[in-house]
Amino acid sequence: MSGPKLFSDKLISKLLDAKSVSVLTGAGVSAESGVPTFRDPGGIWEKFRPEQLANFDAFISDPDFVWQWYQHRREIMRNVQPNDGHYALAEMESLFPDFNLITQNIDNLHRRAGSKNIYELHGNIERNYCISCRKYYNDVSPEEKQALKCSCGGLVRPDVVWFGEMLPYETLMKAEQCAMNSDVFLSIGTSAEVYPAATLPLIAKESGAYVAEINIRQTVITEDLDEFITGKSGVILKRLTEIIKSELKVQ
Ligand code: BV8
Ligand code: ZN
């Protein structure tokens with residue numbers, strides 16, 4: 001397999017010896033599908049600040065405005081496809097004895113690419129629930145411009161974690177367990193600026209995992225990790241799975 005050396009032989013050997021591999025993904029994994037990230041130039045937040053939209057008070061003070069922003073993002077996500085990075089991560093589930101995909105993304109692209117074992121730390125934009133009775137409304141038509149009202153009269157909100165809101169407890173606990181038990185942990189396409197998700201690569205590092213980061217630029221946690229791999233996640237992950245598969249065939 002020719003081509004430029006994208007990552008170290010050490011990462012390959014660590015992956016081949018790994019019993020447990022866990023991955024944290026952020027918006028950068030969906031960038032090559034055409035989904036705008038949050039903090040890159042031209043990212044979603046550029047026009048708005050998180051506190052203006054992705055928080056409960058903004059929703060209560062103007063439900064239709066926040067609802068329309070999510071409808072706009074649902075529209076974007078319905079018109080894009082998973083990219084090579086999503087498909088490579090879906091394939092990794094069958095390459096390692098224990099593989100866990102932890103995502104901050106709410107765009108449902110990992111599921112659409114075939115990943116099964118997904119920890120959705122920040123929820124999923126395809127799900128909505130009533131804030132009064134928690135009844136779920138999951139097949140909302142994109143035409144709904146007004147925030148939905150539940151049969152009980154309550155407001156229906158997207159099933160995503162807003163700033164200032166707790167992450168789903170079970171999911172976060174399991175994600176922390178995965179980080180602690182991983183032999184290799186990959187932090188992919190995330191600026192590692194949002195907590196508590198950003199603690200996971202550091203928990204993995206402290207627990208003895210080999211932690212590599214895949215990103216087009218360094219982040220606030222890069223120097224704390226074992227390896228930084230520069231590049232687009234779609235390109236890197238596709239190549240990584242090709243090498244792992246050819247090594248496993250050899251073994
Ligand atoms: C909580 C769902 C409190 C909604 C999201 C100060 C210090 C520490 C914490 C805080 C603080 N001030 C406030 C907080 C808490 C806050 C927080 O962390 N704020 C940050 C901004 C400082 N956290 C919270 O509020 C969390 N809740 O703490 O609760 C609490 C505690 C106890 C009791 C009660 C309450 C909730 C956080 C969840 C917020 N919800 N999303 C929605 O999406 O609408 S966060 C949002 O940011 C998305 O989920 C997104 O995934 C996430 C993180 O962003 P990234 O995914 O990293 O995306 P970003 O654009 O930043 O980066 C993209 C990266 O990809 C870049 O590095 C880029 O270089 C790279 N890239 C681009 N293209 C590619 C690429 N890489 C590879 N290939 C490419 N092609
Ligand atoms: Zn209700």
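One-based numbering, in listed order, for ligands and for the atoms of each. Atom set for the values below is all heavy atoms of this structure, side chains included, hydrogens, waters and symmetry mates excluded.
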Would you mind checking if E120 and R127 are paired as a salt bridge, meaning a charged N to carboxylate O distance below 4.0 Å?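 Yes, charged N to carboxylate O under 4.0 Å.
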
Between K238 and E32, does at least one N-O distance fall below 4.0 Å, as a salt bridge requires?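 Here K238 does not pair with E32 in a salt bridge, since their nearest N and O are not under 4.0 Å apart.
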
N117 (side chain) donor-acceptor with F99 (main chain) under 3.5 angstrom: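 At least one qualifying donor-acceptor pair exists.
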
Is the side chain of E213 donor-acceptor paired with the backbone N or O of L225 at a distance under 3.5 Å, no angle test?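 No, because the side chain of E213 does not come within donor-acceptor range (under 3.5 Å) of the backbone of L225.
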
Have a look at [X] and tell me which of [options] forms a side-chain hydrogen bond (donor to acceptor under 3.5 Å, both in side chains) with it.
X    : options         : answer
S30  : T25, D107, T103 : D107
Y210 : K205, K10, E227 : E227
N128 : R74, K135, R157 : R74

Which atoms of ligand 1 are found less than 4.0 Å from any heavy atom of [X]?
X    : result
E32  : 78 (N), 79 (C), 80 (N)
A27  : 55 (P), 56 (O), 58 (O)
A31  : 73 (N)
R217 : 68 (C), 69 (O)
G26  : 56 (O)
Y70  : 4 (C), 42 (C), 44 (O)
N105 : 51 (O)
I106 : 42 (C), 43 (O)

Look only at interatomic distance and state if [X] has a nitrogen or oxygen under 3.5 Å from any nitrogen or oxygen of ligand 1.
X    : result
K232 : no
N215 : yes
G189 : yes
P196 : no

Would N181 and S20 count as having a side-chain donor-acceptor pair, cut-off 3.5 Å?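 There is no such pair between these side chains.
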
Can you find a side-chain donor-acceptor pair between N124 and N108 that sits under 3.5 Å?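 On atom types as modelled, these side chains qualify, holding a pair under 3.5 Å.
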
Proximity of T190 to ligand 1 by residue part, where a heavy atom lies under 4.0 Å: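 Both of them.
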
Any idea which part of S191 is under 4.0 Å from ligand 1, heavy-atom wise: side chain, backbone, both or neither?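 Both parts.
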
Would you kindly confirm whether L101 and Y119 end up in one hydrophobic cluster when ILVMFWY residues are joined by side chain heavy atoms under 4.5 Å apart?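 No, no single cluster joins them.
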
Heavy atoms only: which of [options] is nearest to [atom]?
atom                    : options               : result
atom 74 (C) of ligand 1 : S33, A197, S233, G28  : G28
atom 33 (C) of ligand 1 : E120, E165, M166      : M166
atom 2 (C) of ligand 1  : I214, V161, I229      : V161
atom 26 (C) of ligand 1 : Y195, W162, F163      : Y195
atom 43 (O) of ligand 1 : H122, E193, Q104, R73 : R73

Just to the nearest 10 degrees, tell me the angle at the Zn ion (ligand 2) spanned by C152 SG and C130 SG.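 Once rounded, the angle between the two atoms at the Zn ion (ligand 2) is 100°.
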
Calculate the angle formed at the Zn ion (ligand 2) by SG in C133 and SG in C150; 10° precision is enough.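 Answer comes to 110°, rounded to 10°.
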
Would you give the length of the straight line joining atom NZ of K245 to atom CG of L95, rounded to the nearest 0.5 angstrom?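 The distance works out to 7.0 Å.
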
Which residue, F65, W162, Y70, forms the ring-ring contact (aromatic ring centres under 6.0 Å, His included) with F59?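 It is W162; the other options fail the test.
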
Are I244 and M92 side-chain neighbours, meaning at least one heavy-atom pair lies under 4.5 Å?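 Answer no - side chains too far apart.
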
